[in-house]
Amino acid sequence: MKIGFIGLGNMGAPMAKNLVAAGHEVTGFDTAGIVVEDAASAATAAEAAKGAEVVITMLPNGKILQAVADQVIPAMDTGALLLDCSTVDVDSARAAAEKAEAAGLMAVDAPVSGGIGGAAAGTLTFMAGGTDEGFAKAKPLFDIMGQKAVHCGASGAGQAAKICNNMILGITMIGTCEAFALADKLGLDRQKMFDVVSTSSGYSWTMNAYCPAPGVGPQSPADNDYKPGFASDLMLKDLRLSQQAAISADADTPMGQLAEALYATFVEDEDGSGRDFSAMLPRFEKRGRG
Ligand code: NAD
């Protein structure tokens with residue numbers, strides 16, 4: 001398949017590399033001048049999109065996605081697919097899809113989970129929004145870049161699934177960390193806390209699979225001095241998107257709002273930037289109620 005790939009950063013470059021390795025003809029473009037080995041390189045986004053059956057975007061935010069969509073849509077052939085894998089706000093995802101469909105193209109939003117490791121290994125999970133036809137066109141590419149793809153519904157449904165999942169993740173991580181910090185102050189051994197909670201009703205992915213306490217539970221970023229993993233900065237981005245969507249949809253999300261505020265303080269006013277999102281535990285550990 002002839003593929004245009006726009007946005008070759010930490011995620012985009014390894015994803016494009018996997019498509020090249022699978023035998024696809026990839027033309028890449030990134031404003032930072034990044035090139036991918038064995039892929040062709042274009043001078044503009046429109047040039048990368050020209051003649052492609054699928055144009056994949058992997059960009060930082062919705063504003064940039066919309067700008068890039070405006071550049072590539074006129075260059076794409078009727079019936080081609082615009083496949084956005086970035087994490088962006090639901091409204092931008094829907095706006096880009098509407099413009100693409102109005103121009104006779106297919107559009108799918110398919111944000112990912114699995115991070116840089118998953119992008120390199122080709123084991124990402126895709127959460128997709130769009131038509132059945134668009135999803136079917138993208139599916140063979142999902143199978144190369146990932147291990148699972150869920151068709152969540154119409155345009156924007158992929159982004160909705162991603163931010164709802166990550167809102168739960170952020171809230172749960174904070175809950176797990178504050179419970180460990182409370183347990184410390186009550187003199188409860190962390191391993192005992194894990195042994196009980198991980199098999200009791202307080203269990204969760206953050207406790208059982210990604211335990212924020214070093215030396216407890218399976219290997220996690222806590223065992224590597226909280227190097228990400230999933231950086232607090234990215235968690236803050238996703239929590240902000242969840243609250244932007246909640247405002248737009250008039251949904252009451254008090255815990256999501258509080259989680260956003262806590263990660264904003266951690267990243268912007270404290271030492272959270274560049275650290276894994278489980279580094280909330282050492283943050284709480286140092287604090288009292290005041
Ligand atoms: P990144 O900043 O490393 O990559 C983004 C790339 O887009 C950069 O190389 C930048 O130069 C390029 N770019 C910016 N504007 C452009 C334009 N107008 N035209 C062409 N290229 C442009 O970010 P990343 O970590 O690769 O993340 C990409 C997306 O994936 C984000 O939306 C992010 O939220 C999401 N995501 C990231 C992770 C992760 O662990 N890094 C995990 C899941 C989802």
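Only a predicted model underlies this, so the values are computations on that prediction, with no experimental measurement involved. Whatever order the structure lists them in is the order used to number ligands and atoms, beginning at 1.
The protein non-hydrogen atom at the shortest distance from atom 19 (N) of ligand 1 is Thr31 CG2, 3.6 Å. Scanning the protein heavy atoms around atom 4 (O) of ligand 1, the nearest turns out to be Gly9 CA, 3.3 Å. Among all non-hydrogen protein atoms, the one lying nearest atom 40 (O) of ligand 1 is Gly115 CA, 3.5 Å. Considering only non-hydrogen protein atoms, atom 30 (O) of ligand 1 sits nearest to Met58 CE, 3.1 Å. Nearest protein heavy-atom contact of atom 11 (O) of ligand 1 is Asp30 OD1, 2.6 Å. Remark: minimum distance from atom 3 (O) of ligand 1 to any protein heavy atom is reached at Asn10 N, 2.9 Å. In terms of protein heavy atoms, atom 29 (C) of ligand 1 is closest to Leu59 O, 3.5 Å. Summary of contacts: the protein heavy atom closest to atom 2 (O) of ligand 1 is Pro60 CG, 4.7 Å.
No more than 12 heavy atoms of other residues, nucleotides or ligands lie within 6.0 Å of CD in Glu133, so this atom counts as exposed by the packing criterion. Taking a 6.0 Å sphere around NZ of Lys17, one finds it holds 12 or fewer heavy atoms contributed by other residues, nucleotides or ligands. Counting heavy atoms of neighbouring residues, nucleotides and ligands inside a 6.0 Å radius, atom CZ of Phe284 exceeds 12 of them.
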Show me the donor-acceptor pairs, under 3.5 Å and distance only, between side chains in residues 159-168 and residues at least two apart or in other chains.
| unit_1 | atom_1 | unit_2 | atom_2 | d |
| --- | --- | --- | --- | --- |
| Gln159 | OE1 | Val88 | N | 3.2 |
| Gln159 | NE2 | Ser86 | O | 2.9 |
| Lys162 | NZ | Val112 | O | 2.6 |
| Asn166 | ND2 | Asp238 | OD2 | 2.6 |

For residues 247-264, dump all side-chain donor-acceptor pairs below 3.5 Å to protein atoms at least two apart in sequence or in another chain.
| unit_1 | atom_1 | unit_2 | atom_2 | d |
| --- | --- | --- | --- | --- |
| Ser248 | OG | Asp91 | OD2 | 3.3 |
| Thr253 | OG1 | Gln243 | OE1 | 2.7 |
| Tyr263 | OH | Phe277 | O | 2.9 |

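Ligand-side atoms of ligand 1 in range of Ile34: 9 (O), range being under 4.0 angstrom from any heavy atom. The contact set between ligand 1 and Phe29, taken as ligand atoms under 4.0 Å from a residue heavy atom, comprises 19 (N), 20 (C). Residue Ala32 has at least one heavy-atom neighbour below 4.0 Å for each of these atoms of ligand 1: 11 (O). Of all atoms in ligand 1, listed by their number and element, those nearer than 4.0 Å to a heavy atom of Ser86 are 32 (O).
The option from Val68, Leu65, Asp238 that lies nearest to atom 18 (N) of ligand 1, judged by heavy atoms, is Val68. For the residues Thr57, Thr87, Val112, the heavy atom positioned nearest atom 35 (C) of ligand 1 is part of Thr87. Distances from atom 33 (C) of ligand 1 to the heavy atoms of Lys63, Lys237, Met11 show the closest one on Lys237.
For Tyr210 and Phe230, the gap between ring centers reaches or exceeds 6.0 Å.
Using a 4.0 Å cut-off between heavy atoms, Leu234 contacts ligand 1 through its side chain alone, with no backbone atom that close. Under 4.0 Å from ligand 1, the heavy atoms of Ile64 that appear belong solely to its side chain.
For the pair Arg275 (side chain) and Tyr226 (backbone), a donor-acceptor distance under 3.5 Å is absent. Asp109 places a side-chain N or O within 3.5 Å of a backbone atom of Gly158 that can act as its donor or acceptor partner. Under a 3.5 Å cut-off, the side chain of Ser220 and the backbone N or O of Cys211 do form a donor-acceptor pair.
For the pair Lys162 and ligand 1, the shortest N or O to N or O distance does not fall below 3.5 Å. Among the atoms of Ile6, none of the N or O lies under 3.5 angstrom from an N or O of ligand 1.
Here Asp184 pairs with Arg190 in a salt bridge; the nearest charged N to carboxylate O distance falls below 4.0 Å. Using a 4.0 Å cut-off between charged side-chain N and carboxylate O, Lys185 and Glu178 make no salt bridge.
Nearest heavy-atom pair across Phe194 and Met207 is CE1-O, 3.2 Å.
Heavy-atom separations between Ala45 and ligand 1 are all 4.0 Å or longer.
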